[in-house]
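Single-structure report; data block below.
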Amino acid sequence: MTITSPHLGSPSVWTDARLLYALEEVVENELNRHLKVAKDWMPHEYVPWSDARNFPGLFEDGEAWEKGQSKVTEVGRIALVVNLLTEDNLPSYHHEIATLFGRDGAWGTWVHRWTAEEGRHGIVMRDYLLASRAVDPDQLERFRMAHMSEGFESDNGHSMLHSIAYVAFQELATRISHRNTGHQSGDPVCDRMLARIATDENLHMVFYRNLLKAAFELAPDLTMSAVRDVVVNFRMPGHGIPGFERAAAQMAIGEVYNLRIHHDDVLQPVLRFLKVMEIDGLGPEGLRAQEELGLFLGGLDAEASKFDEKLAARKARMAARAAG
């Protein structure tokens with residue numbers, strides 16, 4: 001991509017509209033790359049349909065749900081519900097990115113393709129959960145209605161650049177959460193399903209990460225500020241789920257997603273790839289954002305170390321209790 005005007009790098013000139021136009025070629029290239037490597041897959045092939053049976057209601061032979069009907073662990077059950085309810089808000093996510101990125105050209109093609117791919121995730125997860133009786137179906141539906149009735153509005157909807165920065169990290173966070181949920185689920189069928197979903201999420205992360213790289217080349221100061229804002233204020237999109245705080249705490253203890261994972265497996269890989277802390281030639285705003293980002297990461301690493309110590313102590317107590 002060639003920028004002919006020497007003034008386009010000025011933060012005062014970069015509007016969302018100009019950035020959208022300037023990044024269009026990058027989006028088209030990344031879209032073509034994505035379509036070459038992405039593999040279509042059938043959600044129904046990952047669901048253990050032979051385990052399914054009727055629930056109470058219209059069917060006389062309906063069997064009420066009980067925890068013991070599934071081999072899924074408690075932390076796996078909690079994480080699966082959080083992950084699925086997060087996927088359920090896809091209509092709100094689509095509305096937001098379609099509004100920010102538009103529905104025309106390469107941007108619009110990506111918006112619709114991403115939405116179609118994400119749609120599979122909610123389909124296969126719900127089918128798995130119901131067929132395998134991993135969760136209470138009535139409670140799941142009540143949670144879905146409550147969560148979706150609230151809608152979703154991200155913290156970054158005010159800025160296209162902030163949104164790109166956010167999804168570069170969030171897609172990786174979602175991939176890690178799904179993958180670790182599979183590992184902790186206790187069910188190989190669940191693990192395979194979530195590994196398939198995680199593969200999609202990783203490709204989505206690569207798309208946005210590469211787009212963020214191009215944004216750094218065009219508008220380094222603005223992009224650094226956006227990354228700083230997103231990292232410092234990062235929240236998972238499921239934060240509005242009923243009982244999310246308690247569920248997040250249980251997922252942290254269960255090593256599905258916690259501060260250490262967030263720092264080491266989500267933030268650092270993206271920041272290292274982009275060499276964010278090594279970018280030079282920044283103006284005053286960019287330099288300030290870079291310094292504040294470094295300070296925040298140092299503090300987050302310290303907090304993660306404290307959590308690691310508490311988790312290790314908890315494991316030791318549980319091991320001693322089991323031995324006694």
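Throughout, numbering of the chain's residues begins at 1 and tracks the sequence.
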**Study point:** Phe169 and Tyr208: CA distance, side-chain angles, deciding distance, ring-ring contact (aromatic ring centres under 6.0 Å, His included) verdict
**Key:** CA-CA 9 Å; Phe169 295 103; Tyr208 288 118; over 10 Å; no

Practice item. May I have the step-by-step check of side chain to side chain donor-acceptor pair (under 3.5 Å) for Asp16 and Ser159, ending in yes or no? Key: CA-CA 7 Å; Asp16 274 5; Ser159 160; 4.5 Å; no

Point to revise | Stepwise side-chain contact (heavy atoms from CB on, under 4.5 Å) test for Glu285 and Met224 | key: CA-CA 9 Å; Glu285 289 299 316; Met224 186 67 75; over 6 Å; no

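For Ile78 against Ala247, the heavy-atom pair with the smallest separation is CG2-CB, 3.7 Å. Scanning all heavy atoms of the two residues, the minimum distance from Asn258 to Ala252 falls at ND2-O, 3.1 Å. The nearest pair of heavy atoms linking Pro48 to Ser132 is CG-CB, 4.3 Å. In plain terms, the two heavy atoms of Leu161 and Ala215 that are nearest each other are CD1-CB, 3.7 Å. Considering every non-hydrogen atom in both Ala173 and Val266, the closest pair reads CA-CG2, 3.7 Å. Here the closest non-hydrogen pair linking Phe216 and Leu274 is CE1-CD1, 4.2 Å.
Screening residues 145-162 for salt bridge (charged side-chain N to carboxylate O under 4.0 Å, His left out), with sequence neighbours left out, gives Asp155-Arg235. Contacts classified as salt bridge (charged side-chain N to carboxylate O under 4.0 Å, His left out) and involving residues 72-100 (residues at least two apart or in different chains) are given here: Lys67-Glu74, Glu74-Arg77, Asp88-Arg126.
At a threshold of 4.5 Å between side-chain heavy atoms, the hydrophobic network of Ile, Leu, Val, Met, Phe, Trp and Tyr places Met145 and Ile123 in two separate groups. Connection of Leu90 to Val111 is established within a shared hydrophobic cluster, with ILVMFWY side chains joined at heavy-atom distances below 4.5 Å, either directly or through further cluster members. Taken together through direct or relayed side-chain contacts under 4.5 Å among Ile, Leu, Val, Met, Phe, Trp and Tyr, Leu295 and Val227 form parts of separate hydrophobic clusters. In the hydrophobic clustering of this structure, Phe307 does not group with Tyr257; members are Ile, Leu, Val, Met, Phe, Trp, Tyr whose side-chain heavy atoms approach within less than 4.5 Å, directly or through other members. Hydrophobic clustering, with ILVMFWY side chains joined whenever heavy atoms are under 4.5 angstrom apart, keeps Ile253 apart from Val82.
Around atom CG of Asp104, no more than 12 heavy atoms belonging to other residues, nucleotides or ligands sit under 6.0 Å away. Counted within 6.0 Å of CE on Met277, heavy atoms from surrounding residues, nucleotides or ligands total more than 12; the atom is thus considered enclosed. Within a 6.0 Å sphere centred on CD of Glu60, other residues, nucleotides and ligands contribute 12 heavy atoms or fewer. For Arg314, the CZ atom is loosely surrounded, since the number of other residues' heavy atoms within 6.0 Å does not exceed 12.
The side-chain heavy atoms of Asp136 and Glu66, taken from C-beta on, include no pair separated by under 4.5 Å. At least one side-chain heavy atom of Asp191 sits less than 4.5 Å from a side-chain heavy atom of His183. Between Glu255 and Lys315 there is a side-chain heavy-atom pair separated by less than 4.5 Å. Using a 4.5 Å heavy-atom threshold, the side chains of Gln184 and Met251 count as separate. Using a 4.5 Å cut-off on side-chain heavy atoms (C-beta onward), His121 and Arg196 make no contact. The shortest side-chain heavy-atom distance between Asp127 and Pro43 does not fall under the 4.5 Å cut-off. In this structure, the side chains of Arg33 and Asn210 come closer than 4.5 Å at one or more pairs of heavy atoms. Using a 4.5 Å cut-off on side-chain heavy atoms (C-beta onward), Arg179 and Leu194 make no contact.
Of the possible polar contacts, one joining the Gln69 side chain to the Ala64 backbone as a donor-acceptor pair under 3.5 Å is found. Under a 3.5 Å cut-off, the side chain of Asn54 and the backbone N or O of Gly62 do not form any donor-acceptor pair. Thr174 places a side-chain N or O within donor-acceptor distance of the main-chain N or O of Gln170, the cut-off being under 3.5 Å. Under a 3.5 Å cut-off, the side chain of Thr181 and the backbone N or O of Leu80 do not form any donor-acceptor pair. Between the side chain of Trp49 and the backbone N or O of Ala131, no donor-acceptor pair lies under 3.5 Å. No donor-acceptor pair under 3.5 Å is formed between the side chain of Asn89 and the backbone N or O of Met148. Judged by distance alone, the side chain of Asp301 and the main-chain N or O of Leu297 form no donor-acceptor pair under 3.5 Å. The main-chain N or O of Gly182 is found under 3.5 Å from a side-chain atom of Ser185 such that the two form a donor-acceptor pair. Checked by atom type and distance alone, the side chain of Gln290 pairs as donor or acceptor with a backbone atom of Ile279 at under 3.5 Å.
Interatomic distance, CG of Leu140 versus CG of Leu84, reported as 5.5 Å (0.5 Å rounding). With rounding to the nearest 0.5 angstrom, the OH atom of Tyr46 is 10.5 Å from the NE2 atom of His44. Atom CH2 in Trp65 sits 12.0 Å away from atom CZ in Arg53 (nearest 0.5 Å). Distance check, rounded to the nearest 0.5 Å: CG of Leu287 to OG of Ser225 gives 10.0 Å. One finds the CG atom of Leu203 at 9.5 Å from the CD atom of Glu201 (value rounded to the nearest 0.5 Å). Remark: Met236 CE to Thr86 OG1 distance equals 6.5 Å, nearest 0.5 Å.
A salt bridge is absent between Arg209 and Glu30; no separation between the charged side-chain nitrogens and carboxylate oxygens falls under 4.0 Å. Between Glu309 and Lys306 there is no salt bridge, since no side-chain nitrogen of the basic residue lies less than 4.0 Å from a carboxylate oxygen of the acidic one. We find that Arg260 and Asp265 are not joined by a salt bridge, their nearest charged nitrogen and carboxylate oxygen being 4.0 Å or further apart. Between Asp200 and Lys39 there is no salt bridge, since none of the side-chain N atoms of the basic residue sits less than 4.0 Å from a carboxylate O of the acidic one. Ion pairing of Arg272 with Asp264 is absent here, as no side-chain N (NZ or NE/NH1/NH2) approaches a carboxylate O to less than 4.0 Å. For Glu291 and Arg288, the salt-bridge test fails: no basic side-chain N is under 4.0 Å from an acidic carboxylate O.
For Arg133 and Phe55, the positive end sits near the middle of the six-membered ring, less than 6.0 Å away and at most 45° from its axis.
At a cut-off of 3.5 Å, with distance as the only test, a side-chain donor of Tyr128 or Asp187 sits close to an acceptor on the other residue. A side-chain donor-acceptor contact under 3.5 Å links Glu117 and His34. Looking at Trp114 and Glu171, their side chains do bring a donor and an acceptor atom within 3.5 Å of each other. Between the side chains of Glu118 and His204, a donor-acceptor pair is found at a separation under 3.5 Å.
Residue His162 is tested with Asn156, Thr223, Asp229 for a side-chain hydrogen bond (donor to acceptor under 3.5 Å, both in side chains); the sole match is Asp229. Checking Ile97, Leu100, Leu212 one by one against Ile164, the side chain to side chain contact (heavy atoms under 4.5 Å, CB included) holds for a single residue, Leu212.
Trp110 has its ring centre no less than 6.0 Å from the ring centre of Phe101. Ring pair Phe152/His147: centre-to-centre distance not below 6.0 Å.
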